[in-house]
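Okay, so here's the structure we're looking at.
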Amino acid sequence: MAETRTLPLLPLRGMVVFPYMMIHLDVARDRSMAAIEEAMVENREVMLTTQMDAEKEEFTPQDLYKVGTVAEVRQVIKLPGDLVRVLVEGKHRAFIHEYHEQENFDTVDVEEFHDHIDTSLNMEALNRAVVHQFEEWVRMSKKIPPETLVSVAIIDDAGRLADLIASHLNLKVETRQELLAAIDVKERLEKLYAVLSREMEILQMETKIGKQVRKQMDKIQKDYYLREQIKAIRQELGYKDGKGEVEELLQKLHEGNYPEEVRKTVEKELSRLETMNNMHAETGVIRNYVDCLLELPWNDESVDNVDIAAAKKILDDDHYGLVKVKDRILDYLAVHKLAKDRSAPILCLVGPPGVGKTSLAASVARATGREFVRASLGGIRDEAEIRGHRRTYVGAMPGRIIDGIRKVGKKNPVFLLDEVDKLAGDYRGDPAAALLEVLDPAQNSTFSDHFVDIPFDLSKVFWIVTANNLGNIPRPLRDRMEIIQLSSYTEVEKLEIAKRYLLARQRTQNGLKAKDITIGAGVFNKIIADYTRESGVRELERVIGKVCRKAARKIVEGEETPIKVTRKNLIDFLGKTKYHDTKAAKKPQVGVVTGMAWTEVGGTILPTEVTVLKGKGKLILTGQVGDVMQESAKAGLTYIRSRSDKLKLAADFYENDDIHIHLPEGAIPKDGPSAGITMATAMISALTGRKVRNDVAMTGEITLRGHVLAIGGLKEKVLAAYREGMKTIILPKDNEKDIEDIPEVVREKLEFVPVESMDEVLKTALL
């Protein structure tokens with residue numbers, strides 16, 4: 001007898017639950033947790049069905065098997081780390097007819113199936129055959145206790161018997177699902193008998209292989225015994241082998257400059273190694289450990305180059321601009337010359353991709369005369385990557401910090417920790433927390449790696465950390481570093497970098513000499529304006545590389561050198577221009593305002609559109625708008641309502657009109673408070689019908705009383721607005737001091753309007 005019901009859906013990954021089976025499930029997905037909560041509110045029943053692909057985090061109805069199990073939720077326990085452990089008991093098989101996506105969880109319409117009891121002789125024989133085969137499997141496998149057979153033998157219901165046996169077998173998900181999908185009891189028993197027969201064949205094969213392995217092991221032990229006898233006979237006869245590995249390691253220990261604690265540890269480990277057989281599993285671990293201790297530069301340092309003038313020349317030769325960073329490094333060198341025992345600095349270079357953070361670290365090493373080592377931290381989730389693995393684990397090794405210092409052989413290198421904002425944590429620990437000791441001047445003189453297990457002095461290391469987004473670095477980690485912001489390059493800086501560095505590097509990489517190619521006047525300016533749109537110079541270098549490759553091809557095809565690249569023939573090398581239209585409005589419009597935003601890859605403009613419609617007073621925001629930006633829009637609307645008389649708006653306009661705010665490029669998430677005055681201006685323009693100047697860009701946070709508050713990232717935002725052809729910049733009065741950070745060549749071409757209230761914004765922005 002079948003009946004159709006609607007139940008919350010709990011999708012399973014990598015497992016199948018049978019009727020009468022009681023099992024704990026760990027639930028982590030938000031929609032699955034919501035389904036459990038719904039079940040607890042209703043009748044405690046959920047529909048369990050298995051995903052076809054266990055790796056998928058998100059799924060569609062097509063990713064689920066149609067046949068599952070209706071189960072009762074017996075117990076729910078909350079675990080640390082947003083996990084919930086649920087005890088469920090399978091009740092009946094069920095078939096999914098319809099799938100419904102609710103707001104927080106999913107439901108399905110299911111048809112339940114109850115097993116039909118068949119007492120025929122044929123069924124009885126099949127039943128006995130399955131039980132006998134299962135008894136043989138239990139006897140041979142020894143994977144489950146024999147007491148299980150008692151619980152199986154007393155079951156009269158053939159369907160329940162099949163499900164109970166299937167739940168005890170360690171089968172693939174596909175096979176378990178096939179057994180679950182067998183609604184007919186006879187068909188289910190036949191499939192189960194076939195599965196048990198195959199499992200028996202596998203067990204017999206395993207037994208055969210085990211006998212062969214044991215036979216081989218006996219031979220190895222015999223060979224070892226004979227070799228030991230030969231070794232004893234050779235020693236008795238006075239034969240001497242060459243210098244052993246232990247003697248070599250001891251000689252290296254005595255010749256090197258090692259701390260007393262290291263000497264004692266190495267001698268202790270070597271004495272253990274000497275008494276061990278070479279075939280012993282731990283000998284490899286001891287050798288690796290001793291090698292690591294002897295290779296670490298416990299007392300070896302590079303001699304610092306304290307010639308400030310030479311260091312300044314190296315930094316200037318390698319990088320154009322970056323004045324603040326270079327000054328900070330030269331300051332350190334000057335202090336180190338006066339106070340050699342002072343701890344090395346910890347610099348954190350924060351800026352968009354492609355502005356030279358990583359390459360700057362190599363230049364610092366060259367300028368200081370130190371070794372250079374780099375560790376990329378992007379995507380690391382395991383704390384052991386920083387602190388190392390304990391030697392009890394198979395394949396244990398030191399962490400990236402100690403391993404990097406071991407490779408360069410000096411205890412005071414320039415150590416670059418790249419992409420620290422891309423660290424992530426999971427059940428294996430938090431790598432960012434492990435970095436706290438590494439980057440703390442008060443602690444890193446006694447840094448303890450789990451593999452080395454002896455404190456190592458990291459206080460002499462010159463640490464340089466890079467990141468794109470300061471907000472993604474945990475606060476305790478930020479407090480240990482000196483933050484230096486690297487901003488986007490201006491077009492003038494990009495032009496100089498292209499001429500001084502990029503062209504020469506790409507010529508060399510593409511097999512060209514200086515005489516093979518000439519770049520005409522204005523070519524780099526055109527490339528920067530029409531073929532790249534970035535904060536750094538990575539894309540610019542790729543485009544110059546493309547020009548060089550085209551030139552190389554022309555030379556190979558027989559064209560005379562030098563290959564001349566001009567503004568007119570640039571299209572032959574690079575094709576049509578990629579960037580010619582700006583995202584800003586072409587002419588003044590009602591309800592269209594150009595805002596400014598800051599992203600991890602630099603500044604950008606943020607066009608904002610507002611349309612007023614007849615409705616019921618709704619405020620609609622679209623364009624992947626975050627919570628903070630939604631609150632800014634609400635604050636702006638409240639300000640407009642409070643000033644409706646002065647703005648000559650109807651007192652009840654907010655009750656009769658819907659206001660729709662849209663931020664184009666709707667697929668890109670946007671958030672932050674700095675678009676507050678932008679959205680407020682756009683709403684006022686749309687409500688009053690007054691046009692907004694298309695050459696004005698603005699940024700600032702708004703309060704309920706119309707005050708304009710300070711924002712961050714002004715330089716990047718202004719550079720983006722300048723690239724897009726803006727003429728006037730409206731900014732908070734509190735940010736007026738930041739204008740001096742903007743390059744002079746940009747400041748001269750822009751008008752800056754510092755404001756304290758929305759009245760001043762409207763006075764400048766509206767026509």
Once side chain to side chain contact (heavy atoms under 4.5 Å, CB included) is applied, do any residues pair with K737, and if so which ones, sequence neighbours excluded?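 Partners of K737 under the side chain to side chain contact (heavy atoms under 4.5 Å, CB included) test: none.
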The side chain to side chain contact (heavy atoms under 4.5 Å, CB included) partners of T6 (sequence neighbours excluded) come to T107, D109
Between K717 and S674, do the side chains contain a donor N or O and an acceptor N or O under 3.5 Å apart?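 On atom types as modelled, these side chains qualify, holding a pair under 3.5 Å.
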Are side-chain N/O atoms of H319 and S359 paired as donor and acceptor at under 3.5 Å?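 Yes, S359 and H319 have a side-chain donor paired with an acceptor closer than 3.5 Å.
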K326 vs D316, salt bridge (Lys or Arg N to Asp or Glu O under 4.0 Å): CA-CA, chis, key distance, verdict: CA-CA 8 Å; K326 293 175 183 176; D316 288 338; 3.2 Å; yes
Can you name the residues that form a ring pair (Phe, Tyr, Trp, His ring centres under 6.0 Å) with Y722, not counting sequence neighbours?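 With neighbours one apart ignored, the set is empty.
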Taking the side chain as C-beta and beyond, is there a heavy-atom pair between [X] and [Y] under 4.5 Å?
{"X": "I742", "Y": "F752", "result": "yes"}
{"X": "I36", "Y": "V76", "result": "yes"}
{"X": "L470", "Y": "D421", "result": "no"}
{"X": "K357", "Y": "I464", "result": "no"}

For Y654, does the six-membered ring have the charged nitrogen or CZ of R641 within the cation-pi criterion, i.e. under 6.0 angstrom from the centroid and within 45° of the normal?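 Geometry flag: set, cation within 6.0 Å and 45°.
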ring-ring contact (aromatic ring centres under 6.0 Å, His included): pairs with one or both residues in residues 463-501, sequence neighbours excluded: F415-W463
Salt bridge (Lys or Arg N to Asp or Glu O under 4.0 Å), that's the test. Do D658 and K614 meet it? Break it down for me. CA-CA 6 Å; D658 287 348; K614 287 297 179 185; over 6 Å; no
Is it true that [X] and [Y] make a salt bridge, defined as a side-chain N closer than 4.0 Å to a carboxylate O?
{"X": "E655", "Y": "K616", "value": "no"}
{"X": "K618", "Y": "D657", "value": "no"}
{"X": "K578", "Y": "E539", "value": "yes"}

Gap separating the [atom1] atom of [X] from the [atom2] atom of [Y], nearest 0.5 angstrom:
{"X": "L719", "Y": "T604", "atom1": "CG", "atom2": "OG1", "result": "12.0 Å"}
{"X": "I484", "Y": "L360", "atom1": "CD1", "atom2": "CG", "result": "8.5 Å"}
{"X": "I473", "Y": "D479", "atom1": "CD1", "atom2": "CG", "result": "11.0 Å"}

Side chain to side chain donor-acceptor pair (under 3.5 Å) involving [X] - partner list, sequence neighbours excluded:
{"X": "E419", "answer": "K422"}
{"X": "N735", "answer": "D738"}
{"X": "Q485", "answer": "none"}
{"X": "H660", "answer": "T622"}

With distance as the sole test, does [X] use its side chain to make a donor-acceptor pair with the main-chain N or O of [Y] at under 3.5 Å?
{"X": "D63", "Y": "T60", "value": "yes"}
{"X": "Q102", "Y": "N104", "value": "no"}
{"X": "K727", "Y": "E751", "value": "no"}

Under the salt bridge (Lys or Arg N to Asp or Glu O under 4.0 Å) test, residues paired with [X] that sit two or more places apart:
{"X": "R538", "result": "none"}
{"X": "E57", "result": "R13"}
{"X": "E496", "result": "R500"}
{"X": "D26", "result": "R85"}

State which residue, out of T594, T608, V593, V610, fulfils the side-chain contact (heavy atoms from CB on, under 4.5 Å) condition with T681. V593
For the residue pair L766 and S685, what are the closest heavy atoms and their distance?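 Between these two residues, the closest heavy atoms are CD2-CB, 4.0 Å.
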